[in-house]
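Order of the sequence lines sets the chain letters (A, B, ...), proteins ahead of strands, with each chain counted from 1. Keep in mind that this is a model prediction, so the values were computed, not measured.
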Protein chains: 2
Amino acid sequence: MAKKPDGHASVTLKDVASRVGVTTAAASMALSGHERISEKTRDAVRKAADELGYVPSSAGRALRKQRAGAIAVVVPNTSQHVFGHLYFMHVLTGVASAANEHDSQLIVSTNPDEAHGVVAYERVMRSRTADGAIVTSSAIDDPNIEALVKTGLPVVLIGNFPYLPDAVSVGIDDVRATEAITEHLIDVHGVTAPVHVTGTLDHQTGVDRREGFLRAVRAHGLDETSHIIEGDLSEASGAAAVEQLLADGIRFDGIVFANDDMALGGSRVLRSRGIRVPDDVAIVGFDDFGLARVATPALTTVRVPAEQMSRFAAEQLFRLIDGSAQGPTHHELDVELVLRASCGCEHDDTEHVIPLRGEKPHGNDMQRSISQ
Amino acid sequence: MAKKPDGHASVTLKDVASRVGVTTAAASMALSGHERISEKTRDAVRKAADELGYVPSSAGRALRKQRAGAIAVVVPNTSQHVFGHLYFMHVLTGVASAANEHDSQLIVSTNPDEAHGVVAYERVMRSRTADGAIVTSSAIDDPNIEALVKTGLPVVLIGNFPYLPDAVSVGIDDVRATEAITEHLIDVHGVTAPVHVTGTLDHQTGVDRREGFLRAVRAHGLDETSHIIEGDLSEASGAAAVEQLLADGIRFDGIVFANDDMALGGSRVLRSRGIRVPDDVAIVGFDDFGLARVATPALTTVRVPAEQMSRFAAEQLFRLIDGSAQGPTHHELDVELVLRASCGCEHDDTEHVIPLRGEKPHGNDMQRSISQ
DNA sequence: CTGAAAGCGCTTACAG
DNA sequence: CTGAAAGCGCTTACAG
């Protein structure tokens, strides 16, 4: 048995082979079910492996096969505040299940700090610790992402990246979704003075959701009575946005927040000022990662299929790794409108879900919608 | 350059060495700053490595060093419902920062399904994909955990495991914390008929929190007027518990929920029946992972320092791996009482935090409290 | 002091 | 058909 520095013995193929009296090569073939090994030997080897508790060394195998047997989920450090924590849980759940199905390990790679210089996740790739990477919630102009894509290593981005035409990515149609939920406020609830509180505008989602709001507003001739305030996706910035609206004496009867966290912050301020939601002001969010449903009033929002999205991204990544797919591609998943109390549709304990198919492709040809 | 099956070239030490005209051994020593290599050669090698974008192969290094350079966070599949998602985010954040400081990769290991047979995370250890593991939210009697601990491999458990005397673990004093928050309801808010909705009782936290409730109730002579209902930590079970209380016509003026999710579910039912929180019934939760603060009314709770706990667990794990610490040990972190609106202490937008030092060690000698 | 072999554990291409 | 070498990339103990 091989001795590890800390004194633990680990069982190697050599141990299995010598117990049976064959070479390691034969033992290896026996375990992989190679047909040139007799059934008798195969069984003996497998029995020995079982008894000894043999598990192949991932390092030995990785070195020989030139494949790590792992994929990485990359989280740029700058994104700490970009999505709420729950988004990332959904991503992890989706990627983990795909990784399990492919007998692959899952590595979570964050950038310790920006100053640290060498980008941690590029090291992960170059050191071949992972065979490929899924990158989530990165800024529009993150040069590291661009560099990573350019290396030609297997990388799948979650989100929309119009400035990275060579990338493989998976996202949703933020423009269309925000347009739809804004139209809902206008058409169904008679909102005539809508406000949009944006996300961070260095992220494509922020830009796209703003664009969706603008399209709906323009289509309904509400340009004059609508307003846009910049937020940063934090609850505090949602609260600040509403306080600013009130301080500026702006008239508004509906707010489209670019995410749920901000909607919650805004809702709190409205309530504290005695403004009723949805009676005085209808509000909606975006994400539905968990907070929206338990809020009071429950929040009408766009449900982002984060888990399916990341699961699909992982499957796509495995296809890149094994060569059965090639980039560049962009795939889009459908989202749902989840109608609850905050827009005036439902009571606090009920919800109504409307599928929103991606019928209005935009940007490039490769897009297509995937039914879930 | 080595060719990978998918056609990507990766730079190896050999490439660096041959560019400079030295052996790989010399190049290796140069890069690690070994003094036997002349400054001139060292600089030349480093320059070459930089230019070629050389990053050491993790597989090669792992094989040679008998060390993976990675640690694993293990999540038993059965725990899907045990803690809310946000708990795990805090765990990941804490472990990731410690791993980064130790130049270690972070592997997330879940059990695909119980039926899958071979326990996934034991494979991770046996295959030496990770040098050690942090195990979180496992059931009291999980035989896999016990087996894992018995292997003597570096493992740190998060939680309290009185039945695993050989384990290295990091936790909080659930008994003391629940006793304190129950006493708060009784002493400060005059609750005379308290109810406890337990967590899952196959987890030590569930048992301990119930014990804490019982201690407080007994100390105040409220045995006769108190009740205990079993929950499962889900929001739905909190709601169901309250419905049962009402259906049974039980008189109660305070509820100690074993976690925040259940408290939120219970709170919703109370509100829908026109029972005011905290005026008619004071309620408290446990965790403070995110929902408690944004709930209406904001939830008084015990703040579990999940991030610090798991960070400490990771540091402890690295000590086990490098031999600078040995098990068994148990460490306890301090928690805080966070007083908000649901018990009647504060308004919806304010909170008051009371540190709760672990002054009452119980169980075994090794425990000590760590100030944060 | 320095050159270069040995070997970590594995699998497959090669020689017989 | 089968035996066993070669080599993935690395680092250190050894020989000179």
Checklist entry - Has the side chain of A/D131 got a donor or acceptor atom that lies under 3.5 Å from a matching backbone atom of A/G69? => result yes

Checklist outcome for this item: DNA chain D in dot-bracket form (Watson-Crick or G-U pairs under 3.5 Å, [ ] crossing, | inter-strand) is |||.||||||||.|||

Item to check | Atom-pair distance (CG on B/L63; C1' on C/dG7), nearest Å | outcome: 9 Å

Item to check | Residue list, side chain to side chain contact (heavy atoms under 4.5 Å, CB included) with A/T24, at least two apart or on another chain | outcome: A/L13, A/K14, A/A17

Checklist entry - With A/E315, which residues qualify under salt bridge (Lys or Arg N to Asp or Glu O under 4.0 Å), at least two apart? => result A/R311

Next on the checklist: My understanding is that only residues two or more places apart in sequence, or in another chain, count here; which of them pass side-chain hydrogen bond (donor to acceptor under 3.5 Å, both in side chains) with B/R319?
Outcome noted: B/Q316

Next on the checklist: With side-chain contact (heavy atoms from CB on, under 4.5 Å) as the test, pick out the partner of B/S58 among A/V124, A/L63, A/T129.
Outcome noted: A/T129

Checklist entry - What integer number of Å spans the C1' atoms of D/dA13 and C/dC10? => result 23 Å

Checklist entry - For the pair made of CZ in A/R67 and P in D/dG9, what is the distance, rounded to whole Å? => result 14 Å

Checklist entry - Mind checking what makes ring-ring contact (aromatic ring centres under 6.0 Å, His included) contact with A/F318, not counting sequence neighbours? => result A/H102

Next on the checklist: Please determine whether a side-chain nitrogen or oxygen atom of A/Q66 lies at a distance below 4.0 Å from atom OP1 or OP2 of D/dG9.
Outcome noted: yes

Next on the checklist: Any non-hydrogen side-chain atom of A/S310 less than 4.5 Å from a side-chain atom of A/I158?
Outcome noted: yes

Next on the checklist: Generate the contact string for nucleotides 10-16 of chain C. Rules: B means base contact, S means sugar-phosphate contact only, - means no protein heavy atom under 4.0 Å.
Outcome noted: BBBB---

Checklist outcome for this item: Taken to the nearest whole Å, CG/B/D15 to C1'/D/dC8 is 13 Å

Checklist outcome for this item: Taken to the nearest 0.5 Å, the spacing of B/R123 CZ from A/D103 CG works out to 8.0 Å

